[in-house]
Amino acid sequence: DLHSFPTRRSSDLVQPLVLDRAALLQVARPGSTHVRIELRGADGATTVRRFPGPTVLPPRQWRLAGGGQWAGPALATFVQPGQDAVEALVSEALGLVGEDTGADAGADGGASAAWWDALVAAACTALRRRRPQIEAVGSAWDRGPHSVRTGAELLSARTGTTLDVVVLLAGALERLGVPAVLLLTPAAALLGYWRNEEDAERIPASPQEAAELRSEEHTSELQSRFSI
């Protein structure tokens, strides 16, 4: 019988990359990166390989790239409920709906859909009172980097893209305890929120999928699940 035996051994090595936050904050413009791997053998021989790495963007910039593994989590980092601008919106929203948060709690102590609706409407009213003007998005989300304003920058300039607005509102909803989801169309960003805690993990991958979620059951049943 003829047997074959490999002359080389191969193995997979997984090594997480640690990012230097201080260095990333110094990035002034988009640029390419590379990964440098240096291998040393038992005989002292050294082999160096370089592989293309991800594109690095300046702070407060985002691009739809890398699929759901990268683009979604990267965009989520801009939702910052601790901002002073978010705190101001939340404070005003609670003033609009009243402080009796237990009035609309469900039998199990959880917030009711009606209460979440009231909180979202109040947050939108608080932002609308500041009269921000919507400016068009310069290019498709995946064509180039997009600047994402902080809440303070948006409210101070009173102008921003739909992405600026929904990121700010998403931070306010998170602060209010309402689970939110960001949705992107080719030309705009949308903000949705769940009205049922049990379904809050069911995140639509696109606005079309969100629309399909709304049409897959009767309207009366959907009223307790999801609202855009």
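Hydrogens, waters and symmetry mates play no part in the numbers below; they use all other heavy atoms, side chains included. Quick caveat, the model's predicted, so the values are computed rather than measured.
Considering L96, L94, L173 in turn, L94 is the only one that fulfils the side-chain contact (heavy atoms from CB on, under 4.5 Å) rule with L119.
Put simply, the side chain of R175 gets close to the backbone of P81: a donor and an acceptor are under 3.5 Å apart. Judged by distance alone, with hydrogens and angles left aside, the side-chain atoms of S91 form no donor-acceptor pair with the main-chain N or O of A88 at under 3.5 Å. Side-chain atoms of T125 come within 3.5 Å of backbone N or O of A121 as a donor-acceptor pair. When atom types are taken as modelled, the side chain of Q61 and the backbone of P145 share no donor-acceptor pair closer than 3.5 angstrom. Side chain of W141 to backbone of A65: no donor-acceptor contact under 3.5 angstrom is found.
The 12-atom threshold is exceeded at CZ of R130, counting heavy atoms of other residues, nucleotides or ligands nearer than 6.0 Å. Within 6.0 Å of CG in D142 there are more than 12 heavy atoms belonging to other residues, nucleotides or ligands.
Taking CG of L57 as the reference point, atom OG of S147 lies at 9.5 Å (rounded to 0.5 Å).
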- Go through W62 and L163 one step at a time and tell me if the side chain to side chain contact (heavy atoms under 4.5 Å, CB included) criterion holds. CA-CA 10 Å; W62 174 82; L163 184 60; 4.2 Å; yes

- Given the rule in the side chain to side chain contact (heavy atoms under 4.5 Å, CB included) test, do V86 and Q80 qualify, once you have shown the distances and angles that lead to the verdict? CA-CA 8 Å; V86 170; Q80 300 166 348; over 6 Å; no

- Item | Trace of the side chain to side chain contact (heavy atoms under 4.5 Å, CB included) decision for V148 with D164 | CA-CA 6 Å; V148 183; D164 297 327; 4.0 Å; yes

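The pair E153-R60 does not count as a salt bridge, with every side-chain nitrogen at least 4.0 angstrom from each carboxylate oxygen.
With contacts defined as side-chain heavy-atom distances shorter than 4.5 Å, the pair L168/L155 qualifies. Using a 4.5 Å cut-off on side-chain heavy atoms (C-beta onward), L191 and L182 make contact. Side-chain atoms of Y193 and D117, non-hydrogen and from C-beta on, do get closer than 4.5 Å to each other.
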